[in-house]
Amino acid sequence: MRTSQYLLATTRETPADAVVVSHQLMLKAGLIRKLAAGMYTWLPLGLRVLHKVTNIVREEMDKSGALEVSMPVVQPAELWHESGRWDVMGDELQRFKDRHDRDFCLGPTHEEVITDLFRNEVTSYRQLPINLYQIQTKFRDERRPRFGVMRAREFTMKDAYSFHMDKASLQKTYDLMYATYQNIFNRLGFEFRAVVADSGNIGGSASHEFHVLADSGEDQIVFSDASSYAANMEMATALAPAEAAPAPTKALAEVATPDVKTIEDVAAFLKLPVTQTLKTLIVLGEKTDDAKDDSQPLVALVLRGDHQLNEIKAAKLAGVHSPLTFASDAQIQSTLGCLPGSIGPVGLEIPVLVDRAAAQLADFVCGANKDGFHLTGANWTRDCKPTRVEDLRNVVEGDASPDGNGRLQIRRGIEVGHIFQLGTKYSKAMNVLVLDENGRTQTPEMGCYGIGVTRIVAACIEQCHDEKGILWPDNIAPFHVALIPLNAHKTPRVAEVCEQLYKELAAAGIEVLLDDRDKKTSPGVKFADMELIGIPHRLVVSDRGLENDTVEYKARKDAEPQMLPLAQAVERLRGLVKNAR
RNA sequence: CGGAGUGUAGCUCAGUUUGGUAGAGCACUGUCUUCGGGAGGCAGGGGUCGGAGGUUCAAAUCCUCUCACUCCGACCA
């Protein structure tokens with residue numbers, strides 16, 4: 001390709017609304033342009049990268065034996081009613097009506113459609129297991145799209161769905177997909193972790209997320225420094241402290257704490273460490289079936305002052321409303337007689353769920369359930385009783401690993417893949433039946449496996465960039481080699497050599513971007529553009545070099561260039577460019 | 001959805017407080033000079049100041065409504 005015939009859309013200035021480096025560089029390098037919030041046009045240069053990523057994903061999926069299909073983006077509401085998700089999904093599901101007033105949605109995922117396809121096409125155990133996938137546009141009306149294509153509303157996803165006669169077969173394909181994902185992310189050169197994950201709304205049991213490690217990641221991932229334990233923060237178990245709770249040594253006392261609201265304020269006011277305080281959060285409980293009135297039951301969640309509530313864990317507990325909903329100040333005031341800043345477990349007449357670490361404290365500080373007062377020297381059992389002790393908190397760096405080996409570390413990650421064992425959630429709801437070897441009908445087990453293809457491009461830039469721009473690995477770079485002629489208008493041989501190299505490199509299967517912009521484009525501009533867009537190899541042909549029959553080579557990541565004899569240049573490049581076709 | 005903020009040329013932004021002919025840099029077009037790290041001169045093109053309504057002799061500027069976008073939070077497969 002020649003720049004003179006291409007749409008290079010580089011900009012010198014960074015667009016003001018991009019905050020993460022991948023978003024900034026994708027705009028500056030001219031890979032994407034925003035159409036509306038969370039919706040992006042892919043320019044020619046960006047699309048080349050996206051296609052290369054797509055091809056790697058497709059190759060590995062095909063290698064695993066999965067079969068590619070393509071399903072519509074628009075889906076009829078009937079299928080979503082069948083699965084029960086039409087009413088569950090909320091506003092993320094973009095709904096609309098056609099001219100006949102029939103309900104449709106834009107597909108945020110394709111469990112319903114694939115299950116419908118499967119039940120119409122597959123009837124025998126002989127056809128199982130089967131794994132069908134597509135690489136296709138998804139639409140989710142995210143509340144807050146951000147970070148460019150990292151969290152977009154419209155994006156490209158590889159989604160695969162497998163069907164099985166039994167759990168053992170599902171596990172086998174799940175393991176195969178796990179290995180396939182490792183292959184894909186290894187080929188992309190990612191530093192990544194597979195972590196145990198919450199299966200969330202999509203349903204099912206076992207689930208792993210694949211995270212690219214990056215400081216800009218939206219998720220916190222947790223892993224042991226001494227074992228293979230790795231989990232999403234939502235799922236990471238916080239163990240009870242190994243040591244037993246100390247015995248009470250102090251008497252319960254009430255102290256006035258005027259205008260002292262936060263835990264930090266309380267600890268500072270009483271000159272005690274935050275770890276000696278409790279915080280009590282009031283959330284909505286579950287209404288019992290025999291509840292006579294409309295009053296909303298409340299539940300107290302008690303944590304050590306320095307710990308953070310894990311809302312996913314809390315919402316899963318018996319008696320707690322899911323999704324987790326904090327009680328309003330008015331609800332707390334009317335039920336407990338004080339405001340949120342002064343609540344404590346002593347004398348509380350609602351269920352009290354206590355975190356394992358909080359339950360190990362003695363002589364602690366907590367709210368007195370009276371505005372402006374706290375209690376000191378409070379103790380479990382003697383002064384108040386937990387209804388239940390639960391795992392309620394986010395783990396923190398240095399906690400013991402749940403598998404007993406090592407200490408936990410916390411890093412940020414970008415979720416680029418997620419695999420689930422769905423079980424029979426969809427096959428049962430949508431009445432899918434296949435005949436087994438005895439001629440009896442069975443409900444098939446399902447798995448599903450997603451990869452955010454567009455997100456991968458952003459994640460790659462997050463991991464591979466410097467102050468000058470992007471540093472693409474060879475196998476997803478839009479072009480392998482930037483070929484830059486200098487002073488071609490003064491020395492005709494420069495242009496001739498470039499044309500010759502261009503042809504020979506192309507013949508060797510190397511993708512070349514020849515910067516043949518005219519003399520108005522200064523060398524500095526050409527160098528800066530090629531570095532910004534991240535072409536991994538650069539050849540400079542100049543009158544100076546040709547005096548010695550040499551051309552200059554520099555890898556994007558190297559600091560210093562080297563001179564290559566002209567006659568050997570193509571052969572040397574063939575060795576330097578990995579994964580060229 | 002709650003809180004905060006921003007909409008002026010393709011991009012980055014001034015101008016709004018105190019109403020009075022719509023600006024700069026970059027980018028773009030033509031031309032001359034320059035030519036190994038984002039060159040310089042000259043000449044140009046480009047904006048109904050997000051939109052609607054109002055106040056006023058006069059509105060980018062003041063008032064009302066509205067739309068869009070961004071950030072923080074909540075939420076999320």
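Letters go in sequence order (proteins before strands), and every chain restarts at 1. These figures come from a predicted structure and were not determined experimentally.
- In this structure B:A60 sits in no base pair that meets the Watson-Crick or G-U test at under 3.5 Å.
- Going from the P atom of B:G23 to that of B:U48 covers 14 Å, rounded to whole Å.
- If you take CZ of A:Arg146 and P of B:A74, they are 9 Å apart, rounded to a whole angstrom.
- Residue-to-nucleotide proximity on RNA chain B shows that, of A:Val540 and A:Phe147, the 5′-proximal contact is made by A:Val540.
- Comparing the P positions of B:C63 and B:G10 gives a spacing of 27 Å, expressed to the nearest Å.
- Within 3.5 Å, no donor on the side chain of A:Ser522 pairs with an acceptor on the base of B:G38, nor the reverse.
- Nucleotides B:G20 and B:G15, compared at atom P, are 13 Å apart to the nearest Å.
- Following rounding to the nearest Å, A:Phe420 (CZ) and B:C76 (P) show an atom-to-atom distance of 13 Å.
- Nucleotides B:A9 and B:G46 have their C1' atoms positioned 6 Å apart, rounded to a whole Å.
- Look at NZ on A:Lys554: it is 11 Å from C1' on B:G37, rounded to the nearest Å.
- Residue A:Asp529 is classed as a base contact, given a heavy-atom separation below 4.0 Å to a base.
- Regarding A:Asp219, its CG atom lies at a distance of 13 Å from the P atom of B:C75, rounded to whole Å.
- Among the protein residues, A:Arg538 comes within range of the nucleic acid bases, having at least one heavy atom under 4.0 Å from a base atom.
- Residues from residues 11-30 of chain A placing a heavy atom under 4.0 Å of any atom in RNA chain B, listed by number, are A:Arg12, A:Glu13, A:Thr14, A:Pro15, A:Ala16, A:Asp17, A:Val19.
- Of the candidate nucleotides B:G37, B:C35, B:U70, B:G37 has the atom nearest to the side chain of A:Ala528.
- Donor-acceptor pairing under 3.5 Å, judged by distance alone, is absent between the side chain of A:Arg144 and the base of B:C71.
- A side-chain donor from one of A:Asp529 and A:Thr10 sits under 3.5 Å from a side-chain acceptor of the other.
- Nucleotide B:U17 forms a pair with no other nucleotide shown, judged by Watson-Crick or G-U wobble geometry with both contacts under 3.5 Å.
- Side chain of A:Asp558 to backbone of A:Glu560: no donor-acceptor contact under 3.5 angstrom is found.
- A distance of about 43 Å separates the C1' atoms of B:G40 and B:A58, rounded to the whole Å.
- Rounding to whole angstrom units, CZ of residue A:Arg151 and P of B:C75 are separated by 13 Å.
- Checking B:A24 for Watson-Crick or G-U wobble geometry (two distances, each under 3.5 Å) identifies B:U12 as its partner.
- When rounded to the nearest whole Å, the span between CD1 of A:Ile533 and P of B:G38 equals 19 Å.
- Base pairing of B:C65 is made with B:G51, judged by Watson-Crick or G-U wobble geometry with both donor-acceptor distances under 3.5 Å.
- Side-chain atoms of A:Lys158 do not come within 3.5 Å of backbone N or O of A:Gly417 as any donor-acceptor pair.
- When heavy atoms are screened at a 4.0 angstrom cut-off, A:Lys526 is found touching no nucleic acid atom at all.
- Nearest to the side chain of A:Lys520, among B:A39, B:U31, B:G36, sits B:U31.
- Between the side chain of A:Glu445 and the backbone N or O of A:His164 there is no donor-acceptor pair closer than 3.5 Å.
- Geometric assessment of A:Arg193 against the ring of A:Phe223 yields a positive cation-pi assignment under the 6.0 Å and 45° thresholds.
- B:U70 is paired with B:A4 under the criterion used here, namely a Watson-Crick or G-U wobble arrangement in which both key atom distances are under 3.5 Å.
- Between A:Arg517 atom CZ and B:C28 atom P there is a gap of 10 Å when expressed in whole angstrom units.
- Paired with A:Glu112 under the rule salt bridge (charged side-chain N to carboxylate O under 4.0 Å, His left out), one option of A:Arg85, A:Arg119, A:Lys425 passes, and it is A:Arg85.
- Going from the P atom of B:C71 to that of B:U12 covers 14 Å, rounded to whole Å.
- Remark: the backbone N or O of A:Glu415 is paired with a side-chain donor or acceptor of A:Arg455 at under 3.5 angstrom.
- Residues passing the side-chain hydrogen bond (donor to acceptor under 3.5 Å, both in side chains) test with A:Glu68, sequence neighbours excluded: A:Arg58, A:Tyr133.
- Within the structure, no pair that satisfies the salt bridge (Lys or Arg N to Asp or Glu O under 4.0 Å) test touches residues 23-33 of chain A, not counting sequence neighbours.
- Searching all strands for a Watson-Crick or G-U wobble partner of B:U29 with both distances below 3.5 Å returns B:A43.
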Practice task
Would you check, one step at a time, whether the test side chain to side chain donor-acceptor pair (under 3.5 Å) holds for A:Asp159 with A:Gln134?
Solution key: CA-CA 6 Å; A:Asp159 48 327; A:Gln134 64 175 348; 3.2 Å; yes

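- At the heavy-atom level, A:Glu234 lies nowhere under 4.0 Å from the strands shown.
- For the C1' atoms, the distance linking B:G19 with B:G37 amounts to 48 Å, nearest Å.
- Atom CG of A:Leu35 is separated from atom C1' of B:C69 by 13 Å (rounded to the nearest Å).
- Across B:U16 and B:U61, the matching C1' atoms stand 4 Å from one another, rounded to whole Å.
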